[in-house]
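Whatever order the structure lists them in is the order used to number ligands and atoms, beginning at 1. By convention here, the first residue in the shown sequence is residue 1.
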Amino acid sequence: MTDYVRIFDTTLRDGEQSPGATMTSAEKLEVARTLARLGVDVIEAGFPAASPDDLEAVRRIAQEVGNPTDGSKAPVICGLARTTRNDIDKAWEAVRGARFPRIHTFLATSEIHMKHKLKMDREQVVDRVIEMVSYARSFCDDVEFSPEDAGRSDPAFLYLVLGEAIKAGATTLNIPDTVGYTTPEEFGGLISGIIQHTPGIENCIVSVHCHNDLGLATANTLAGIQAGARQAEVTVNGIGERAGNTALEEVVMALQTRRPVFNLQTGIDTTQITRASKLVSNYTGITIQPNKAIVGANAFAHEAGIHQDGMLKNNQTYEIMRPESVGATQSKLVLGKHSGRHALKARLQSLGYALADQELDQVFERFKALADRKKMITDPDLEALISDELYQPREFFTLDGLQVTCGTMGMPTASVRLRDAEGVIHIQACVGTGPVDAAYKAIDAIVKAPNSLREFVVHAVTEGIDALGEVTVRIESKDGLHSLDAQSEVETPRTYGGYGADTDIVVASVKAYLSALNKMLVAMGVYTGIETPAIQGVAS
Ligand code: KIV
Ligand code: ZN
């Protein structure tokens, strides 16, 4: 059996389906580029039948990311389809432009799903699988089939369904623990049983896809791999429905850090992990808990005195992997007020960012303004500036000026000046429960895009009173636009995430809100010329 584990990333499908993770097409394209740089083997780019926009986003990814012209490895580009002709047609239409296209189709096999959701019996399920896998195979040589809710399905029935799917032409058999129900021992046993008892499985790739409802997704995925699975389905930061999917960074770093235990390898450039994590968090508005393994703000922090003492003597006392191995930078002083453009460029290059001249100019201008207010500019500060300045959709409304009054003596008031895409200036002033509330009300009075604020998170990039503040918001639109979930077939109102960074926390809050609103306006079709600048990465 090969020692290579394929990494199948579903951030843009299972991840994006989770409430609040809606991304614009330009953002999806940038995430796909980042995943390709990370070295993932398969990018599940979306669920094309959900809407014409979803289909178009997958099509662009297939064409642009699925056909690299710089000699880099082309990832497989995959589209999800329910077992219907319409879904499979749409998936094929979306992925066919990729050098390596894949159609992924699924049907539930657990008693509870078959009885209550599908209202089909076992025989009907088997017939549908045979018919639709064959149909998908008539277009595409690479077809993946998933028996949804396999974790709660009768193993003997699974062997039968999977055997028929193989005969019908499936090349990858993906085993999902859809509701995150199994334990590692059970899930490993399920995979062993499938490998032992499914006719024809020796010529296919066995894949695992675990959800994290009991916090066992990574453990179950690793158990599945140890039992013989050679594809792991994951998302960046573990985003996904409910408690999420298996986190890419956890599986990859477990396989790498404990290589003597697993004896397996992946094609991931682990130094790109932190960047990918930040990008996905900024675009989705889903913040990362500080103690999250590998990518949390505290993942490499050592607070306790005894730990710090040990670290100073030998970092292996409390560190099982180096922060640099995942591209995480230390909060060190790198640049100051007198640093020039060349110094900034060199530092950004060493962090893995190769910016075009115009992008560098933009970031340099922000850097100078920040250096006037903050003496020490650290690597995390620079990364926040990049996110704020470059990883934003080209804005429809930009902040042109903000003035707030607040405190214990009066009514918090904000005056906001916005510039629209035509360059027209709009001014509004409002009172609120605090300066941020007042500023948001003033923006609402200008933009007139009804929404409700679902999440507002403030975070200091570094320590100290002059720290740069990062704000992440999520808003739910009242624009009538909905996202269709492939599995539950439920439509939920779309939510949009926004990100802003500034030493002034009210300014950061306003930027984050505008960034979310701009995305919403793009989705509503108010402004379609949006493009995210492509940032060329270099391995650090
Ligand atoms: O969790 C699940 O069952 C899925 C399938 C579509 C693979 O996401
Ligand atoms: Zn899933």
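- Proximity to H211 (heavy-atom distance under 4.0 Å) selects the following atoms of ligand 1: 1 (O).
- If you check the side chains of S72 and D70, you find a donor sitting under 3.5 Å from an acceptor.
- The contact set between ligand 1 and E148, taken as ligand atoms under 4.0 Å from a residue heavy atom, comprises 3 (O).
- At under 3.5 Å, a nitrogen or oxygen of D14, whether backbone or side chain, sits near a nitrogen or oxygen of ligand 1.
- The N174 neighbourhood of ligand 1 comprises atoms 7 (C), with distances under 4.0 Å to a heavy atom of that residue.
- Summarising the local packing, NZ of K115 is surrounded by 12 or fewer heavy atoms from other residues, nucleotides or ligands at distances under 6.0 Å.
- Residue R13 places a heavy atom under 4.0 Å from ligand 1.
- Among the backbone and side-chain atoms of D14, an N/O/S atom is found under 2.8 Å from the Zn ion (ligand 2).
- In terms of protein heavy atoms, atom 2 (C) of ligand 1 is closest to Q487 NE2, 3.1 Å.
- D41 and Y4 share a side-chain donor-acceptor pair at under 3.5 Å.
- One finds an angle of 100° at the Zn ion (ligand 2) between NE2 on H211 and NE2 on H209, to the nearest 10 degrees.
- In this structure, D177 contributes its side chain and T182 its backbone to a donor-acceptor pair below 3.5 Å.
- Checking D485 against Q487 by side-chain atom types alone, no donor-acceptor pair falls below 3.5 Å.
- The existence of a salt bridge linking R128 and E164 is excluded, since no basic side-chain nitrogen approaches an acidic carboxylate oxygen closer than 4.0 Å.
- Contacts of E233 with ligand 1, taken as heavy-atom pairs under 4.0 Å, are absent altogether.
- At the top of the distance list for atom 3 (O) of ligand 1, counting protein heavy atoms only, stands T178 OG1, 2.6 Å.
- K292 has a carboxylate O that lies under 4.0 Å from a charged side-chain N of E250, or vice versa, which qualifies the two as a salt bridge.
- Residues F8 and C78 form a side-chain contact, since some pair of their non-hydrogen atoms from C-beta on lies under 4.5 Å apart.
- Annotation for ligand 1: atoms under 4.0 Å from non-hydrogen atoms of S146 are 7 (C).
- Listed by number with element, the atoms of ligand 1 under 4.0 Å from a non-hydrogen atom of P176 are 2 (C), 3 (O).
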